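Notes for the one structure printed next.
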There are 2 protein chains.
Amino acid sequence: MNARVRGEERRAEIVRAALEVIAERGYRGASLAAVAERVGLTQQGLMHHFPTKDALLVAVLQERDRWDAVPDSRWRVDLLAALVEYNAMRPGIVQTFSALLGESVTDDHPARAFFSERYTRVRASMAEMLRSEYGDRLPNGLTPERTAPLLVAVMDGLQYQWLLDPASVDMPGAFRDFLRLLGERPD
Amino acid sequence: MNARVRGEERRAEIVRAALEVIAERGYRGASLAAVAERVGLTQQGLMHHFPTKDALLVAVLQERDRWDAVPDSRWRVDLLAALVEYNAMRPGIVQTFSALLGESVTDDHPARAFFSERYTRVRASMAEMLRSEYGDRLPNGLTPERTAPLLVAVMDGLQYQWLLDPASVDMPGAFRDFLRLLGERPD
DNA sequence: AACGAAACCTACCAGTCGACAGGTGACCGA
DNA sequence: TCGGTCACCTGTCGACTGGTAGGTTTCGTT
């Protein structure tokens, strides 16, 4: 069993390194050799754990899934603001998945289906959260279903502006501004 | 002079082809050979017009600059909505620059400075537009300067959701929803 | 002590990449 | 008609890509 643990630890190390390299170069630009070197392996040593480059990407995306797999019903608007604040302290992770999202809109990208399904899921989750928070009508008159895409868009869009120019963009502050836009909370 | 015209037409053809290939593969994935083939040239023939790959990218970005170089003062919120509607009819262009934006957040990307400066410029332009439309305070209490990043973020974020799943995301509609969020227009 | 699997290696491979060198033909102004 | 510039070509290069084949070492289990 020690062997199994050691193997899984190695896999985790590799995924961590892959996150870094993807942040720096994107997925297409991330070579297996570069990832391998970062964990002190040869490219072929890495391919013992992940038989193809796509297999490694799948592991990276699963890592993301594990990250935001918080029970939907527990989400609240103020927790979302806290998440944005947390993200602002991890530029690396944000950069990885912003780069990946950008690439995914190109044809036949291996991460396309992942992101497509993820957004469908996240929008539904956000709508549910908004409904439990505000009811069927937000203070501004919109429905939760029509607000959810905007909420998601603001989060993503702010990330790009912030990554490109962290000094000029106060990502958490701007997000709180948007929440205020949604309507005063019924505290 | 006929020669000069012919040369510039060729260059324009190449840039157009590059826009397509970048939309399909991203900048890193767009090979000069693929672009060249699309205009019926060899890779070396293309490099007669653009000595390096980066030179081609510069031309592509200048094309974009020319696109949205509309006099700031003439922008109005409703024109912005019309722009989004127009974009919804050109998935290709949207895909090109969404892919480019995504890549640009990676380290040392040749388009990084372009996007960084562009967003600074666009935010200022949007703030100016909002001020001329609403005054120093929006109906919801925010200032134009704090609203501008949100406006830009919504436009970009919606594009990604729309590109990934055009059937589920009504980009122009969602954008109009956001405008309504900003406050009823003082018609 | 023997065995098997897991971990990792060296050695290759064919293909692709951007770029450089140098040539050829067409057109154009003098 | 001549000289030159422009538009393109063929040929070639070294670096790198992901992937395959086939070893060797390490180590826990029996």
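Values below: every heavy atom of this structure, side chains too, minus hydrogens, waters and symmetry copies. Throughout, protein chains are lettered first and strands after them, A, B, ... in sequence-line order, and every chain is numbered starting at 1. No experiment lies behind these values; they were computed from the predicted model shown.
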To the nearest Å, how far apart are Gln43(A) CD and dC12(C) P? 16 Å

Phosphate contact (dT17(D) OP1 or OP2) by Ser31(A) side-chain N/O below 4.0 Å: yes

Answer yes or no: does atom CZ of Arg28(B) have more than 12 heavy-atom neighbours from other residues, nucleotides or ligands under 6.0 Å? yes

Quick one: does any side-chain atom of Arg131(A) pair with a main-chain N or O of Gly135(A) as donor and acceptor, under 3.5 Å? no

Looking at every strand, decide which applies to Ala34(A) at a 4.0 Å heavy-atom threshold: base, sugar-phosphate, or nothing. nothing

Check every atom of dG18(C), dG19(D), dA7(C) against the side chain of His48(A) and return the nucleotide holding the closest atom. dA7(C)

Is atom CD of Glu37(B) surrounded by more than 12 heavy atoms (other residues, nucleotides or ligands) closer than 6.0 Å? no

Quick check on DNA chain C: between Arg10(A) and Met47(B), whose nearest nucleotide comes earlier from the 5' end? Arg10(A)

Under a 4.0 Å heavy-atom cut-off, which of residues 35-42 of chain B touch DNA chain D? Leu41(B), Thr42(B)

Gln161(B) versus Asp156(A), side-chain donor and acceptor atoms under 3.5 Å: no

Could you give the CD-to-C1' distance, from Gln44(B) to dA7(D), as a whole number of Å? 13 Å

Whether the Arg123(B) and Tyr119(B) side chains hold a donor-acceptor pair (N or O, under 3.5 Å, no angle test) is what I'd like checked. no

Rounded to whole angstrom units, what separation is found between the CZ atom of Phe50(B) and the P atom of dC17(C)? 19 Å

Can you tell me how the ring of Tyr27(B) sits relative to the ring of His109(B), calling it parallel under 30°, perpendicular over 60° and tilted otherwise? perpendicular

In plain terms, say whether Asp165(A) and Arg112(B) are close enough for a salt bridge, that is, a side-chain N and a carboxylate O under 4.0 Å apart. no

Please confirm whether the shortest side-chain N or O distance from His49(B) to OP1 or OP2 of dC6(D) is below 4.0 Å. no

Once you round it to whole Å, what is the distance between P of dT17(D) and CG of Asp54(A)? 16 Å

Given atom NZ of Lys53(B) and atom C1' of dT16(C), what is their separation to the nearest angstrom? 12 Å

In whole angstroms, the gap separating P of dC17(C) from OH of Tyr27(B) amounts to 13 Å

Nearest-Å distance, CG (Leu57(B)) to P (dC17(C))? 17 Å

Glu13(B) CD - dA7(D) P separation (whole Å): 12 Å

